[in-house]
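Input: a single structure, listed below in structure tokens.
Heavy atoms only: backbone and side chains are in, while hydrogens, waters and symmetry mates are out.
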Amino acid sequence: MEKRCIAVIGLDGLSFTYLNKLMDNGVIPYMKHYIYNSSIKRNLYAFPPVTPQSWTSIMTGVNIGKHGIYGFIMYDDQHNPKVFNAEMLGHPRIHEMLSLIGKKSIVINPIPTYPLYPIRKALQFSFDFFTPKPSYTPSRAKKYFRIMQSLFKDLSKTPEESLEIAKIHVELYLQLIEELINKEDYDLFWINLRYPDSMIHMLKDPHILSSKIFKEEMEIFRNIDRIFKTLAENSLNTVIVSDHGFSIYKYVININSYLYRNGFITLRDEAQTSDEIHGSLKKYKDIKTISWKKSVVRILRSPYLRFLGRFLKNIHNRISKKPIVIRFPVVDRRKSKAFAGTFYSFNVFVNDYNVVDSVITSLKNLPGIRGVYRKEQLFWGPYLSRLPDIYVEPWFDKGYYVFNTREIDPQNAPILSRKILPHHHPLGVFIMKKWSYGELPDPIPNYLVTNLIMIDLGVPISSEADGIMILRRALGKKPLVTSKYLTKWGIVMKLRKSLRKMK
Ligand SMILES: [Zn+2]
């Protein structure tokens with residue numbers, strides 16, 4: 001087959017430091033050669049450096065205020081949490097736009113990955129990235145989907161589970177891509193992979209970012225190099241992009257602990273502990289919880305007896321099948337004046353608008369915080385009202401990170417120093433083999449990616465596309481735009497939603 005237009009490989013959490021480590025160790029010889037000969041090598045800027053919102057910006061060409069996906073967990077008007085999904089999208093992604101002008105796409109793990117809507121001239125597959133159920137569309141894609149099924153017939157297995165599974169996972173992706181490349185035509189081939197992100201989180205070794213290299217890690221990236229080679233050799237242009245990078249952190253800021261201490265949070269007791277991370281709103285079943293208010297817990301947590309409390313807990317956990325966990329009160333999202341989104345959210349929701357300024361002033365006094373912003377200072381667009389009101393930027397480069405819990409231990413300080421751990425950083429990578437236009441800034445904002453690819457394809461970008469000033473400078477003229485994508489896609493989405501309601 002002739003060379004097709006453009007291929008994109010998305011590598012979650014890839015930073016230049018990590019990429020250099022792989023290249024220096026000879027793990028990715030083909031990619032190394034390719035990167036060396038690429039015309040664009042830029043840092044990519046993503047704030048917040050969180051997977052759902054950053055990939056969605058990368059794939060739509062717009063900022064969070066225009067696509068509306070602001071995190072893993074989205075809250076409705078009643079503050080009920082819901083895992084982000086494609087129904088919440090406010091702007092079409094690149095393959096959805098290309099389909100409207102008759103261009104062909106093959107997309108693996110389009111984010112949000114779920115649900116997958118049938119799109120004309122597009123083969124789509126969702127395997128991971130918080131996909132509740134692996135799926136594909138249209139039905140003729142089944143023969144390719146089957147290649148991955150040997151892994152995913154057992155849905156309990158996810159690539160995050162072990163390096164062994166991750167290795168098989170990438171081998172299967174390689175087979176899938178070779179099949180697709182040999183048999184299918186495309187204008188755009190886009191694949192997002194969970195690496196190195198899932199591996200770094202799994203190993204939790206700070207040295208993995210720049211020096212240490214694991215055997216399985218090498219095998220995984222040797223196959224990613226083969227995937228890249230297959231894509232690059234069959235396409236006129238190829239892009240490597242990541243949604244954020246990684247760095248190492250020594251301090252963890254719990255914004256909710258701080259807001260609680262400053263009187264913005266109301267706590268309430270909850271019967272059970274629940275976990276709202278990574279797409280699963282699951283309740284713990286296999287643990288026994290005991291309220292922090294119980295007098296025995298209080299006594300054993302006092303400074304003099306803490307060691308004894310810990311000792312007794314360890315003994316209990318060793319002999320009992322149900323380990324014991326102290327149950328702390330949780331943030332009452334309805335009654336609190338302001339609260340932070342749980343876990344790795346760099347934001348604060350404000351219920352009482354009279355306190356916005358005092359929350360901002362208060363957060364600015366917290367050490368380790370570089371900036372506190374009203375959402376409209378960072379984002380713009382029709383979905384701004386949906387977004388959390390305040391964004392908090394820690395001093396990433398001084399070793400501060402954010403981890404907000406929904407449970408509050410009233411004894412805990414808002415900033416905890418812990419052993420050094422790797423976690424997300426706002427700088428990812430953007431590498432493009434061919435770029436026929438002028439200079440681009442460094443770093444480039446994440447929402448620029450889709451627009452650069454569409455310009456390379458010679459098609460108009462969305463009239464809502466962000467980064468127009470940068471593009472105008474690089475092109476020497478105003479880029480070609482159209483409002484057709486958004487209006488046509490909007491009509492189809494409305495139809496789908498009303499059809500679903502009728503069911
Ligand atoms: Zn990510």
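With a 6.0 Å radius and a threshold of 12 heavy atoms from other residues, nucleotides or ligands, F379 has its CZ atom above the threshold. Annotation for K229: atom NZ does not count as buried by contact number, only 12 or fewer foreign heavy atoms lying within 6.0 Å.
You'll find the ring centres of F145 and F125 outside the 6.0 Å limit. Aromatic ring centres of Y249 and H423: separated by at least 6.0 Å. Remark: aromatic rings of F130 and F72 are close, center separation under 6.0 Å. Aromatic rings of Y400 and Y251 (six-membered ring for Trp) have centroids within the 6.0 Å cut-off, being under it. The ring of H424 has its center closer than 6.0 angstrom to the ring center of H201.
Both tests do not hold together for K41 against F430: distance to the six-membered ring centre under 6.0 Å, angle to the ring axis within 45°.
Ring planes of H33 and Y30: tilted class, angle from 30 to 60°.
The pair R42-E439 counts as a salt bridge, with a side-chain nitrogen and a carboxylate oxygen less than 4.0 angstrom apart.
When the ring pair (Phe, Tyr, Trp, His ring centres under 6.0 Å) test is applied to Y144, no partner is found at least two apart in sequence or on another chain. Evaluation of the ring pair (Phe, Tyr, Trp, His ring centres under 6.0 Å) rule for Y383 yields no partner, not counting sequence neighbours.
Donor-acceptor pairing under 3.5 Å is recorded for the side chains of D466 and W380.
Residues Q124 and P110 share a closest heavy-atom pair of OE1-CG, 4.2 Å.
Here the rule is ring pair (Phe, Tyr, Trp, His ring centres under 6.0 Å) with Y75, and of F84, F349, Y70 only F349 fits it.
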